[in-house]
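It should be emphasised that the depicted structure is a prediction, and the values quoted were computed from it without experimental measurement. Below, chain A is the first sequence line, B the second, and so on; all start at residue 1.
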Amino acid sequence: MKEYKPKEIEPKWQKYWEDKELYKADDLSPKPKYYYLIEFPYPSAEGLHVGHPRSYTALDILARKKRMQGFNVLYPIGWDAFGLPAENYAIKTGTHPRVKTEENVQNFKRQLKALGYSFDWSREINTTDPQYYKWTQWIFLQLFKKNLAYKAKMDINWCTACNVGLANEEVVDGKCERCGGEVVRKEREQWLLKITEYADRLLADLDKVDYWEKIKKQQIDWIGKSYGAQVVFKIKSSTMLKGEHMYDLSVYTTRPDTLFGATFMAVAPEHELIEKFKHQIDNHEEVKDYVEQAKHKSELERTNLEKVKTGLELHGLKAINPVNDEEIPVFTADYVLATYGTGAVMAVPAHDQRDYEFAHKYNLPVKEVIRPYLLGALAGCDKAIEKEFKKLEIAYFYHEESSVYYIEADVKLKQSIFQLIKKYISPNYYADLWINGVIYIISQSDIFDLHDKKQFKKAQELVGAMEIPQEYADLKKIQKEWQDFIFDPIWDQVALPKAYESDGFLVNSEFLNGLGLQKATDKICDWLKKQGKGFRTTDYHLRDWVFSRQRYWGEPIPIIICPKCGYVPVPEDDLPVKLPEMKNYRTTKTGDSPLALAKDWLNVACPQCGSRSQRETDTMPQWAGSSWYFLRYVDPHNDQALADKDKLKYWTPVDWYNGGMEHTTLHLLYSRFWHKFLYDIKVVPTPEPYAKRTSHGFILGEDGEKMSKSRGNVINPDDVIKEYGADTFRVYIMFMGPFDQATPWNTQGVVGVRRFIEKVWQIGHNLDNKKRGNDDDLVRLTHKTIQQITKQTESLDLNTCVSAFMILINKYQEEGCNSENFELFLKIFAPLAPHVCEELWSNLGHQDSIFLEAWPEYDKRLVKATVKEIPVQINGKVRSKIFIAEDLAESAVKEKVLTDEKVKEWLQDKPIKQFIYVKDKIINIVI
RNA sequence: GCCGAGGUGGUGGAAUUGGUAGACACGAGGGACUUAAAAUCCCUUGGAGAUAAAACUCUGUGCGGGUUCGAGUCCCGCCCUCGGCACCA
């Protein structure tokens with residue numbers, strides 16, 4: 001027998017596959033199509049990370065299987081090659097980023113090929129190829145023409161280390177995502193894309209796609225749609241003349257129902273109000289200082305958790321509450337964001353925690369307008385309970401005369417309050433608590449709901465009929481009494497320990513009094529509309545996408561800035577706007593892109609009027625090229641369009657897209673946005689780019705920590721392939737743990753998988769064809785395994801698939817195996833370990849590749865067992881096991897069980913209370 | 001603080017979604033082969049107890065309650081770990 005030498009067989013088969021063009025996808029084939037997509041890598045200088053193969057291997061397995069099932073499969077690869085590392089390297093060494101990138105691509109290619117992936121290499125693309133980015137620029141121009149790309153002066157996140165503007169998404173913990181440098185706010189002209197215009201559709205269309213729920217959830221949260229109202233407060237200044245038109249200050253609120261509780265206004269330091277009223281604000285100098293300070297705070301300081309809220313009153317100004325004409329003070333405070341809503345808020349300290357904190361600090365009134373549904377009087381408890389109320393932040397008031405605690409809390413706290421009372425009550429005493437009008441009697445061990453007849457009776461038995469009169473059971477009567485109780489002035493004495501932000505009854509709100517949150521919201525919105533003082537509206541967390549980078553190594557934005565015509569698009573015939581050759585790749589001192597120094601490239605005539613003009617020097621972010629790459633795979637060499645319409649119609653949408661969880665909010669959202677836009681302008685045939693999206697977990701270092709150079713726990717795929725072979729690597733990476741969870745690397749585990757493959761090799765060379773017969777356990781297990789693998793590969797339960805293969809091989813080893821079974825095994829194992837299976841397949845005398853075989857069907861009869869071993873429990877504990885033939889009637893089963901020796905022993909002569917037989921599962925006898 | 005995932009042997013992890021907890025693999029211990037080692041093969045391996053040996057008994061899925069004939073799985077209350085977001089009115 002030959003020794004198993006992956007180093008010899010793997011390159012051999014890789015070459016064979018390539019020569020035979022086995023994985024080339026046919027355009028417009030009559031076969032059903034399937035499009036698998038993995039996130040194309042950034043070709044970094046470090047080479048392939050072990051994280052890449054986790055995703056690539058999983059989809060490679062699925063792609064190989066799908067081809068065997070008769071599908072025309074597209075499984076492409078390319079390079080997301082623009083990006084900072086190549087540029088930083090260029091700055092350091094003077095080498096053009098293209099040179100280094102090309103070198104890295106070659107290295108990646110070598111590594112990926114060594115893993116035997118079934119990519120269709122004829123469709124390889126590269127985002128830095130002018131023939132590719134021509135179309136990235138083309139898409140930008142279409143966006144520009146539809147007014148979805150615009151330039152605006154705005155505060156951007158500016159990394160002080162990279163000297164570059166960053167998108168919100170690239171700022172992590174107030175620091176630059178890439179270099180960790182400090183981020184400050186800086187005003188600059190930036191290109192933005194109006195992704196917010198698509199927010200609603202990006203949200204709604206999640207219903208149309210099959211993404212993992214957690215992925216959908218993240219997108220929903222990121223878009224962050226909220227429902228509320230815009231309300232107009234009039235601003236009045238002390239110097240104002242009678243009859244002079246008052247300024248309208250609009251605020252956005254999600255809680256218009258709390259309008260009567262507004263006790264002050266707060267505007268962002270950037271708000272126009274401050275500039276407009278600079279002559280009316282008495283303390284304008286002081287205010288100016290505050291605004292200036294806020295501006296210079298870094299992103300880190302602004303987002304600092306511990307920060308105490310600061311603000312300053314604008315003296316001389318008052319806002320008028322539209323519902324009751326009450327005059328309230330106006331503040332500026334940097335906890336109000338200029339970029340959300342209208343940049344101004346109505347502050348309701350009683351029902352918003354931030355406003356509560358601010359009011360506390362500046363001694364502003366807290367006016368309660370919502371009473372929780374859960375509140376009540378509690379008699380007969382120890383004073384120790386007060387401490388616990390404070391801990392749970394429950395508002396309470398102790399009434400000396402009646403020795404009753406009046407408490408007020410969120411419904412969520414109901415259970416906690418029960419526990420609390422049970423804990424503090426003395427053994428022979430009973431407390432009564434009123435919640436939502438229902439009375440509960442609470443003892444140390446029990447809680448009785450008096451509305452429940454049975455419980456009422458029990459409570460009466462324990463406490464006595466004197467203590468619990470019959471009328472306590474009359475829910476309607478008690479609830480009416482309780483409603484009045486809510487408006488009892490006693491509550492005005494309760495100091496709120498924090499803002500109450502949930503549902504409840506409106507109080508102190510004139511015409512809203514007594515309503516619940518929803519009804520009050522409806523009523524106040526109608527009222528505002530009628531009065532012309534506000535309207536219902538929605539808002540989003542999602543912001544427009546900052547699309548400018550002041551960098552060299554990116555797609556130039558194809559715009560010409562003409563002194564007469566403004567922003568003029570480069571004519572489509574002139575695309576691509578190629579990056580000019582340069583010697584210096586550093587951002588200029590003024591913060592402009594290095595392209596500003598390429599004089600020959602920079603100066604052009606305006607395409608509209610011919611005036612001397614300049615090109616836009618900003619480049620696009622890395623997200624641009626990756627927002628549409630999956631469309632280019634469909635038709636990668638087309639120079640007339642980004643892809644041919646018929647081909648798009650045939651191949652798209654992507655059927656299954658797998659990638660990192662870290663890309664769900666940025667890349668996934670951006671590319672959905674572009675795709676929807678392309679759909680609107682009739683370039684692509686589907687409204688959604690990806691039918692299905694899954695994610696893989698991280699691979700951690702052997703120490704359980706994230707792999708990083710500095711920790712020295714990085715595993716290099718090259719070393720693993722060299723030592724154990726690509727098949728071992730592939731199988732191990734699937735075996736190591738659940739696909740979607742983070743799992744540490746374990747070299748010992750790799751050794752185990754290698755041993756397993758050696759076993760396969762050995763069996764493949766020692767087949768015993770004397771073993772025959774359909775009823776044979778081996779045949780059964782083989783078919784069961786086919787069933788399991790067919791199903792579980794689709795759900796990405798790949799670790800249990802590997803374990804199923806191991807069980808099968810152990811059985812083969814134990815019992816000997818014939819070639820019929822072994823060939824079936826090879827076919828289903830081939831997608832995981834393609835090289836070794838191909839080799840063994842050809843050893844068995846087959847001329848053609850195993851991947852041209854059809855995926856085996858399992859025999860339904862063989863999968864079903866005719867006799868089953870079933871556990872017998874007595875009082876829930878397993879005491880015996882018996883064999884039962886299929887379809888045996890329950891009475892026969894019972895008879896059989898009762899004659900079992902062990903069962904008899906346990907039963908003795910005790911009477912059987914219950915006999916439970918769950919078919920094919922279990923028997924339980926209760927005695 | 002909010003959202004998400006998770007907590008099962010010495011380790012990575014299984015468990016048909018309420019039905020024999022610990023599959024499969026690693027590690028460890030013992031044995032066979034060998035002059036020896038490596039490789040390979042065989043046995044043992046959650047914990048405790050019992051026995052000459054086996055059958056056997058108890059206990060056990062982060063903690064405390066509950067529902068159920070039966071709970072790793074469902075409900076209520078807590079604790080811890082990891083990931084994401086973070087003044088979004």
Side-chain angles (χ1 to χ4, degrees), chain A residues 172-174 213-215 217-218 220-222 224-226 228 251-256 258 266 302-305 307 309 333-337 339-348 351-355 357-358 414-416 418-420 501 539-543 661-662 664-665 697-698 700 704 706 732 735-738 740-753 755-756 758-759 762 788 791-792 797 799-807 809-810 813 869-881 902 913-916 918-927:
Chain A
V172 175
D173 289 333
E213 278 311 312
K214 60 177 170 184
I215 295 172
K217 183 90 178 47
Q218 272 203 18
I220 292 168
D221 288 351
W222 194 265
K225 184 171 187 174
S226 71
V251 298
Y252 173 71
T253 174
T254 53
R255 293 294 301 276
T258 62
R302 257 182 92 98
T303 53
N304 186 2
L305 258 184
K307 202 187 82 179
K309 290 185 176 44
D334 69 357
Y335 80 91
V336 180
L337 302 177
T339 46
Y340 186 77
T342 60
V345 299
M346 64 174 212
V348 184
H351 306 290
D352 181 288
Q353 190 55 28
R354 294 154 304 180
D355 299 343
E357 281 163 28
F358 193 85
K414 184 170 151 181
Q415 290 296 333
S416 306
F418 281 159
Q419 303 272 332
L420 188 72
E501 295 179 326
D539 213 334
Y540 303 88
H541 286 194
L542 190 70
R543 309 288 161 79
M661 205 61 202
E662 71 275 21
T664 12
T665 43
F698 277 120
L700 307 170
K706 212 168 157 179
Y732 172 67
F735 183 56
M736 62 194 300
D740 60 331
Q741 259 165 250
T743 318
W745 184 270
N746 179 349
T747 301
Q748 287 303 328
V750 183
V751 174
V753 170
R755 284 208 272 260
F756 162 65
E758 297 262 9
K759 236 187 245 181
Q762 200 145 49
Q788 190 182 346
K791 194 175 147 206
Q792 293 196 340
D797 291 316
N799 52 336
T800 49
C801 284
V802 176
S803 126
F805 283 126
M806 286 172 168
I807 292 169
I809 283 299
N810 286 345
Q813 193 185 36
E869 191 188 31
I870 288 186
V872 180
Q873 295 186 334
I874 289 162
N875 284 349
K877 286 191 177 155
V878 179
R879 298 302 183 189
S880 180
K881 286 167 195 180
K902 276 188 211 155
K913 272 196 204 156
Q914 209 179 345
F915 185 88
I916 295 151
V918 183
K919 196 167 181 301
D920 293 343
K921 294 251 165 92
I922 207 160
I923 292 157
N924 194 8
I925 303 170
V926 187
I927 53 172

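A:V336 and A:A266 get closest at one heavy-atom pair: CG2-CB, 3.7 Å. Heavy atoms only, all atoms of each residue included: A:V872 and A:I925 are closest at CG1-CD1, 4.2 Å. Between A:L700 and A:A742, the shortest heavy-atom contact is CD1-CB, 4.2 Å.
When Watson-Crick and G-U wobble pairs are counted only if both distances are under 3.5 Å, B:A89 pairs with no nucleotide at all. Using Watson-Crick or G-U wobble geometry with both donor-acceptor distances under 3.5 Å, B:G4 finds its partner in B:C82. Pairing for B:A71 is absent, judged as Watson-Crick or G-U wobble with the two contacts each under 3.5 Å. Pairing partner, B:G49: B:C56, with both Watson-Crick or wobble hydrogen-bond distances short of 3.5 Å. Of the nucleotides present, B:C26 is the one that pairs with B:G10 by Watson-Crick or G-U wobble criteria, both distances under 3.5 Å. The base-pairing partner of B:U16, taking Watson-Crick or G-U wobble contacts with both distances under 3.5 Å, does not exist among the strands shown. With a cut-off of 3.5 Å on both Watson-Crick or G-U wobble distances, the partner of B:U40 is given as B:A32. The partner of B:U61, taking Watson-Crick or G-U wobble pairs whose two distances both stay under 3.5 Å, does not exist in any strand shown.
Using modelled atom types, no side-chain atom of A:E869 and backbone atom of A:K881 make a donor-acceptor pair closer than 3.5 Å. Under a 3.5 Å cut-off, the side chain of A:T743 and the backbone N or O of A:Q741 do form a donor-acceptor pair. Formation of a donor-acceptor pair under 3.5 Å by the A:N924 side chain with backbone atoms of A:G876 is found in this model. Of the possible polar contacts, one joining the A:D355 side chain to the A:V348 backbone as a donor-acceptor pair under 3.5 Å is found. A distance-only check finds no donor-acceptor pair linking the side chain of A:D539 to the backbone of A:Y252 [under 3.5 Å].
The NZ atom of A:K881 sits 13 Å away from the P atom of B:A55 (whole-angstrom rounding). Between A:E758 atom CD and B:A38 atom C1' there is a gap of 14 Å when expressed in whole angstrom units. In this structure, A:I870 places its CD1 atom 15 Å from C1' of B:G70, rounding to the nearest Å. The nearest whole Å value for the distance from the CZ atom in A:F756 to the P atom in B:G12 is 22 Å. As a whole-Å value, the separation of A:N810 CG from B:C41 C1' is 13 Å. Rounded to whole angstrom, the span from the NZ atom of A:K921 across to the P atom of B:U20 amounts to 9 Å. Atom-to-atom, CD1 of A:I927 to P of B:G70 comes out at 13 Å; the value is rounded to the nearest Å. The interatomic distance linking A:Q792 (CD) with B:C24 (C1') rounds to 12 Å, in whole Å.
For B:G9, the base is syn relative to its sugar; the glycosidic angle is within 90° of 0. Glycosidic conformation at B:U40 (O4'-C1'-N9-C4 for purines, O4'-C1'-N1-C2 for pyrimidines): anti, more than 90° from 0.
Of the candidates B:G13, B:A89, B:A25, the closest approach to any side-chain atom of A:M806 belongs to B:A25. Listed candidates were B:U20, B:U59, B:C41. Nearest to the side chain of A:K877 is B:U59. The A:R755 side chain lies nearest to B:G27 when the options are B:A25, B:U57, B:G27. Side chain of A:R879, nearest nucleotide from B:U57, B:G13, B:G70: B:U57. Nearest nucleotide to the side chain of A:F735, out of B:G27, B:A14, B:C24: B:C24. With distances taken from any side-chain atom of A:I922 to the nucleotides B:C58, B:A25, B:U20, the minimum falls on B:U20. In this structure, the nucleotide among B:A89, B:G19, B:C24 sitting nearest to the side chain of A:S803 is B:C24. Side-chain atoms of A:Y252 lie closest to B:A89 of the nucleotides B:G19, B:G13, B:A89. With distances taken from any side-chain atom of A:S226 to the nucleotides B:G70, B:G13, B:A89, the minimum falls on B:A89. Considering only side-chain atoms of A:D334, the nucleotide from B:A25, B:A89, B:C87 that sits closest is B:C87.
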Please step through salt bridge (Lys or Arg N to Asp or Glu O under 4.0 Å) for the pair A:E357 and A:K309, ending with a clear verdict.
CA-CA 7 Å; A:E357 281 163 28; A:K309 290 185 176 44; 3.0 Å; yes
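Side-chain contact, A:T665 with A:Q218: no donor N or O sits under 3.5 Å from an acceptor N or O. For the residue pair A:Y340/A:S226, the side-chain donor-acceptor check at 3.5 Å is satisfied.
Distance noted for atom P between B:A48 and B:U34: 37 Å (whole Å). To the nearest whole angstrom, the two P atoms, one in B:C63 and one in B:U57, are 25 Å apart. Comparing B:C78 with B:G19, their P atoms are spaced 28 Å from each other, to the whole Å. Atom C1' of B:C75 sits at a distance of 35 Å from the matching atom of B:C87, rounded to the whole Å. If you take atom P in B:C76 and the same atom in B:U67, they sit 15 Å apart, rounded to whole Å. Spacing of C1' atoms, B:G62 relative to B:C79, comes out at 7 Å, to the nearest Å. Taking atom C1' in both B:U68 and B:C74, the straight-line distance is 10 Å, to the nearest Å. Only the P atoms considered, B:G18 is 31 Å distant from B:C82, to the nearest whole Å.
Note: A:W745 and A:Y732 have perpendicular aromatic rings, judged against thresholds of 30 and 60 degrees for the angle between ring planes.
Contacts of A:A742 with the nucleic acid, taken as non-hydrogen atoms under 4.0 Å apart, involve only primed sugar atoms and P, OP1 or OP2. Residue A:D355 is out of contact with every strand shown, counting any heavy-atom pair closer than 4.0 Å. Within 4.0 Å of A:G752, counting heavy atoms only, lie sugar-phosphate atoms of the nucleic acid but no base atom. Within 4.0 Å (heavy atoms only), A:V878 reaches sugar-phosphate atoms of the nucleic acid but no base atom. If you check every strand for non-hydrogen atoms under 4.0 Å, A:Q873 touches a base. Across all strands shown, A:I916 has heavy atoms under 4.0 Å from base atoms, whether or not it also approaches the sugar-phosphate.
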For each nucleotide in nucleotides 3-11 of chain B, reading 5' to 3', give B when a protein heavy atom comes within less than 4.0 Å of its base, S when such contact involves only the sugar-phosphate, and - otherwise.
S--------
Once each nucleotide of nucleotides 45-50 of chain B is scored for protein heavy atoms under 4.0 Å, what B/S/- sequence comes out, 5' to 3'?
------
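Mapping A:T339 and A:K759 onto RNA chain B via the closest heavy atom, the residue that lands nearer the 5' end is A:K759. When the nearest nucleotides of RNA chain B are assigned to A:I925 and A:Q813 by heavy-atom distance, the more 5′-ward of the two goes with A:Q813.
Residue side chain A:K309 reaches the base of B:C87 through a donor-acceptor N/O pair under 3.5 Å, judged by distance alone.
Distances shorter than 4.0 Å separate none of the side-chain N or O atoms of A:N924 from OP1 or OP2 on B:G19.
Contact check on A:D740 versus A:K214 returns a salt bridge, with a Lys/Arg side-chain nitrogen under 4.0 Å from an Asp/Glu carboxylate oxygen.
With a 6.0 Å radius and a threshold of 12 heavy atoms from other residues, nucleotides or ligands, A:K791 has its NZ atom at or below the threshold.
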